[in-house]
Enquirer: 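What follows is a single structure, and I will ask about it in a moment.
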Amino acid sequence: MTISSYMKDEHRECDTLFAGAEEAIALNKWEVGEKRFLAFANETLTHFKKEEEELFPTFEAQTGNTQGPTQVMRFEHEQVKGLIGKMAEVLEKKDRDAYLSLAESMMILLQQHNMKEEQMLYSMCDNILPPEIKEETLAKMKEVTI
Amino acid sequence: MFQQNGLSLDQAPPISVVFHLFLIASFFGILAGFMILFYQETIFDSASVGAITLTHTLTLGVMVSFMLGALFQMLPVIAGVVLSSPIKRSWWIQVPFALGMIILLLVFNFTAYSQLYSVASLLLGSSLLGAIGIMLHKLIKLPHHSASSHGMMVALLAFAITILLALYLTATLSGLAQGSYYTQVKTLHYHFGLMGWVALLIISISFQVVEMFYVTPPYPKILSRYLTGTMVFLLLLKIPLAFLLPSAIITINTLLALLLVSFAVITLYRFSQRKRPLADASMWFWRLGMGSLILAMLLWIISAFISHPLMASVTYIAFASFALSVVFAMFYKIVPFLTWFHLNAQGYYTAPMMHEVIHPKTAKKHFWIHRAMVIILLLSLFIGKLIFIAGVLTILSFGWISYQIIHAHLLYRKTEKSGEKFDMGK
Ligand SMILES: [Fe+2]
Ligand SMILES: [Fe+2]
């Protein structure tokens, strides 16, 4: 298994959960929507944690660069987290329009973030990390929970 | 080499550059509407002064300004390219460009002043070739290429060739060149501009944004990897063939058309596979755009065998509908997202949400106006008087867009002035 394929699958999983929540809320099915949104938030935050605590430090150690791409990725994670918070708020209030509007920003923000990771960062990791370290990082990432 | 690759604010150009270019584009669009009122049915004859003036208003005025705005914004984000001092850069592009445009449009109509072709050429040639040069230079240096950044390079190359071909044409018209190859060069100029610059740029941006905005599966590898390269190769092949073996051109054109049809069909198929089932106005703009592209290309293939002036006019309208619909489709995602994104990233927690910048209903209404415009323009091929309604709808359509841009910009400035902000420690 490569880092790319493992992490890409997680991105797709998050997309599916997110789209499901959006669809339910668009149809005013609040209960289902909330459940799916929570699953999405959970999945996304776990994924971020895997990156921030395992993958990024490994990458930084290997390249000796802590100010580069991983820094930008961390900054974007913060933006996504901020949006998750706001979405939870409007979900509480059952404000459909506000939810759909925030969902739009979230999707674009998250997609462009994921693309940068998939096209650049993950493939760099697969290329530069020695096989044992790669295996180890993958194993450690699978253990991460929040 | 990598730190340029974030969507951080130091790199994203100031949002006013994008607003400016988009606003210029919509003013040219309004102008195009008045031209339709002025030239009326003569625009359907592609050799007429009206058609030439209108085409250049749409392709150079509207498309180039929109596309430059999108590129200025997207190069840093999508391709990881940093354009230094974007404001200054864009002024020395924008001013000679706008001046050159006005002179060019005038001299098309007042042929007695044909010396002015050289002035227009100088202004347009230097500003556009300069802008292309900067972007190409930055793109070539990229350590990692995506289908999108590849496509953009190819599109920019095609645009540069379009301009060089145009310089030959204007040199002939102003009497500086003999113009023995005028007819061939003119056809090449049109093909490089429309199939090269316009279509290739739309394709390469699509490779990135379709997946990103609508959460679709990525385009098939064979398409994202080879389509733009193959198209530019075919276009380049046309240059020697136009002089040496003109009969082979039909084959090349058919191939180009089929490639574009397959792109449109796959894009439509990808939309049907998207994970977010909601269909907003931008989705409908995309569908109209891709449908128009398919129609334009099929008619173009047929026209090699049966040629009829009516068919040429429909092809022309369908291609314009393709380009404009896709531009609008992207507009309704880019403007609200950028407004929200720039403010949010500066820490304004009162940053307007995307729907507050442009409400989905406002976008939907614009879609109806735009679609009515395309249909009525087609109908006016049969009922001449309808052309006036098409002209008014064009003005309304671009007026609508201008209003959205101004509204977004005012909202942006208001938030910057009075919005509440997290202290980012700067
Ligand atoms: Fe990430
Ligand atoms: Fe990720």
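Convention: sequence-line order gives letters A, B, ...; per-chain numbering from 1.
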Enquirer: Which pair of non-hydrogen atoms, one from B:Asn344 and one from A:Gln79, has the smallest distance, and what is that distance?
Expert: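 Scanning both residues completely, I find the closest heavy atoms to be ND2-NE2, 3.9 Å.
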Enquirer: How about A:Ile108 and B:Met354: do any of their side-chain heavy atoms sit closer than 4.5 Å?
Expert: yes
Enquirer: Would you give the length of the straight line joining atom OG of B:Ser146 to atom CE of A:Met120, rounded to the nearest 0.5 angstrom?
Expert: 6.5 Å
Enquirer: Rounded to the nearest 0.5 Å, how far does OG of A:Ser101 lie from CD of B:Glu356?
Expert: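 So the CD of B:Glu356 and the OG of A:Ser101 are separated by 6.5 Å.
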Enquirer: Using a 6.0 Å cut-off, check whether atom CG of B:Leu410 has over 12 heavy atoms from anything other than its own residue.
Expert: yes
Enquirer: Can you measure from CE (A:Met106) to CH2 (B:Trp340) and round to the nearest 0.5 angstrom?
Expert: 8.0 Å
Enquirer: Within a 6.0 Å radius of atom NZ on B:Lys414, are there more than 12 heavy atoms belonging to other residues, nucleotides or ligands?
Expert: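 No, NZ of B:Lys414 has 12 or fewer neighbouring heavy atoms, counting only those of other groups under 6.0 Å.
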Enquirer: If you round to the nearest 0.5 Å, how far is CD of A:Gln112 from CE of B:Met212?
Expert: 6.0 Å
Enquirer: A:Asp97 vs B:His355, test: side-chain contact (heavy atoms from CB on, under 4.5 Å). Steps then yes/no.
Expert: CA-CA 8 Å; A:Asp97 276 355; B:His355 290 186; 5.6 Å; no
Enquirer: Please round to the nearest 0.5 Å and tell me the distance separating atom NZ of B:Lys333 and atom OG of A:Ser105.
Expert: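 Here the rounded value is 9.5 Å.
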Enquirer: Give me the contact list for residues 82-89 of chain A versus chain B, heavy atoms only, anything under 4.5 Å, ordered by residue number.
Expert: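 Residues of residues 82-89 of chain A touching chain B at under 4.5 Å: A:Leu83, A:Lys86.
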Enquirer: May I ask you to test the A:Thr16-B:Lys275 pair for a side-chain heavy-atom distance under 4.5 Å?
Expert: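 Yes. Closest side-chain heavy atoms under 4.5 Å.
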Enquirer: Got a sec: does the CD of B:Gln273 have more than 12 other heavy atoms crowding it under 6.0 Å?
Expert: yes
Enquirer: Please say whether more than 12 non-hydrogen atoms of neighbouring residues, nucleotides or ligands are located less than 6.0 Å from CZ in A:Arg74.
Expert: yes
Enquirer: Mind checking which of residues 127-146 of chain A sit less than 4.5 Å from chain B, heavy atom to heavy atom?
Expert: none
Enquirer: To the nearest 0.5 Å, what is the distance between CZ on B:Phe337 and CG on A:Leu109?
Expert: 5.0 Å
Enquirer: With a 4.0 Å cut-off, would you call B:Arg276 and A:Glu23 a salt bridge?
Expert: no
Enquirer: Does any part of the side chain of B:Phe213, heavy atoms only, come nearer than 4.5 Å to the side chain of A:Met107, both counted from C-beta?
Expert: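 Sidechains of B:Phe213 and A:Met107: no contact.
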